[in-house]
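All values below were derived from every heavy atom in this structure, side-chain atoms included, with hydrogens, water molecules and symmetry-related copies excluded.
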Amino acid sequence: MSKQHFVFAKYSAGITLIELLLVIALIALIGAATTPFLSRFVLQTNHDTTIDNLISSIRKAQTYAMDGKNGETWGVCNTSGMIRFYSGSCGSPTYQENFSIPGSISLSGLSDTTFNQRGEPSGTLSISISSDIDNNTVVINSAGGITVN
């Protein structure tokens, strides 16, 4: 008669509870370490996007006014936490594009501004854009030139 020997594997397939806990702990540690960088990135992106939306709205209003598009008055205003590019009037526009201002951003100094056919604003503006990350001032001079400080 022959003897049969069964060999049992010392380790079975799968993961242990300790290995699972170690992986979860590493993921939590990496997440906790990257949170400040991610929040700073989001704040900086919101700040830069607000400046870009403001400048693009102003330039678009100037261009449309200089082109005499639809024989309308074109302008930019700040209404209900939004940057509004419009034709007609800010309160009752015949056309509008609205850009939301994130809650982390403070925008001041943007009044209802229209542009004439030479691209000149109805008044000079000094618009302040502030956040926890940065502070910038967008200045529109009487000739319609824009500078960002």
Criterion side-chain hydrogen bond (donor to acceptor under 3.5 Å, both in side chains) on Glu72 and Thr94, from CA distance to verdict: CA-CA 9 Å; Glu72 297 265 355; Thr94 55; 3.3 Å; yes
Identified side-chain hydrogen bond (donor to acceptor under 3.5 Å, both in side chains) partner of Asn135 from the options Ser128, Ser130, Ser106: Ser130
Mind checking the CD1-OG spacing from Ile105 to Ser100? Nearest 0.5 Å is all I need. 12.5 Å
Spell out, as yes or no, whether a donor-acceptor pair under 3.5 Å connects the side chain of Thr35 to the backbone of Ala33. no
Under a single-linkage definition using a 4.5 Å side-chain heavy-atom cutoff for Ile, Leu, Val, Met, Phe, Trp and Tyr, are Ile18 and Ile24 assigned to the same hydrophobic cluster? no
Counting only heavy atoms from other residues, nucleotides and ligands, does the tally under 6.0 Å from CG of Asn70 exceed 12? yes
Please name all residues satisfying ring pair (Phe, Tyr, Trp, His ring centres under 6.0 Å) with Tyr86, sequence neighbours left out, ordered by chain then number. none
Once you measure the plane-to-plane angle for Trp74 and Phe85, does it fall in the parallel (<30°), tilted (30-60°) or perpendicular (>60°) bin? parallel
What's the separation between atom CD1 in Ile129 and atom CG in Asn149, rounded to the nearest 0.5 Å? 11.0 Å
Pairwise distance OG(Ser57) to CE(Met82) - rounded to 0.5 angstrom: 11.5 Å
Output, in order, the C-alpha distance, side-chain angles, deciding distance and verdict of side-chain contact (heavy atoms from CB on, under 4.5 Å) for Thr73 and Ser87. CA-CA 5 Å; Thr73 300; Ser87 67; over 6 Å; no
Do you know which two heavy atoms are closest between Asn53 and Ser56, and how far apart they sit? O-OG, 3.1 Å
Among Thr137, Asn141, Val138, the one residue meeting side chain to side chain contact (heavy atoms under 4.5 Å, CB included) with Ser126: Thr137
Would you check if the side chain of Asn116 reaches a backbone N or O of Arg118 as a donor-acceptor pair within less than 3.5 Å? yes
Grouping I, L, V, M, F, W and Y whenever their side-chain heavy atoms are under 4.5 Å apart, do Val148 and Leu54 come out in a common cluster? yes
Minimum heavy-atom separation for Met66 to Gly119, with atom names? CG-N, 3.4 Å
Heavy-atom pair with the smallest gap, counting every atom of Pro121 and Ser142: CD-O, 3.6 Å
Quick check on the hydrophobic clustering: are Leu107 and Val76 connected, directly or via other members, by side-chain heavy-atom contacts under 4.5 Å? yes
Residue pair Asn78, Ile101: steps toward the side-chain contact (heavy atoms from CB on, under 4.5 Å) verdict: CA-CA 9 Å; Asn78 181 4; Ile101 301 169; 3.9 Å; yes
4.5 Å side-chain heavy-atom contact, Pro102 and Thr50: yes
Yes or no on side-chain hydrogen bond (donor to acceptor under 3.5 Å, both in side chains) for Asn136 and His47, after CA distance, side-chain angles and deciding distance? CA-CA 9 Å; Asn136 291 97; His47 186 87; 2.6 Å; yes
Is a side-chain donor or acceptor of Ser122 paired with a backbone partner of Thr114 at a separation under 3.5 angstrom? yes
What's the separation between atom CD1 in Ile140 and atom CD in Glu120, rounded to the nearest 0.5 Å? 13.0 Å
Set of side chain to side chain contact (heavy atoms under 4.5 Å, CB included) partners for Arg59, sequence neighbours left out: Ile55, Gln62, Ile146
Would you name the heavy atoms of Ser104 and Asn46 that are closest together and state the gap between them? OG-ND2, 3.8 Å
Hey, are the side chains of Ser108 and Ile127 touching, using non-hydrogen atoms and a 4.5 Å cut-off? no
Rounded to the nearest 0.5 Å, how far apart are CG of Asp48 and CD1 of Ile133? 10.0 Å
Reported CZ-to-CD1 distance for the pair Phe99 and Ile83, which is rounded to 0.5 angstrom: 8.0 Å
Would Val42 end up clustered with Ile51 when hydrophobic side chains under 4.5 Å apart are linked, directly or stepwise? no
Do any N or O atoms from the side chain of Glu19 and from the backbone of Thr16 form a donor-acceptor pair under 3.5 angstrom? yes
If you count the non-hydrogen atoms of other residues, nucleotides and ligands that lie under 6.0 Å from CG in Leu38, is the total more than 12? yes
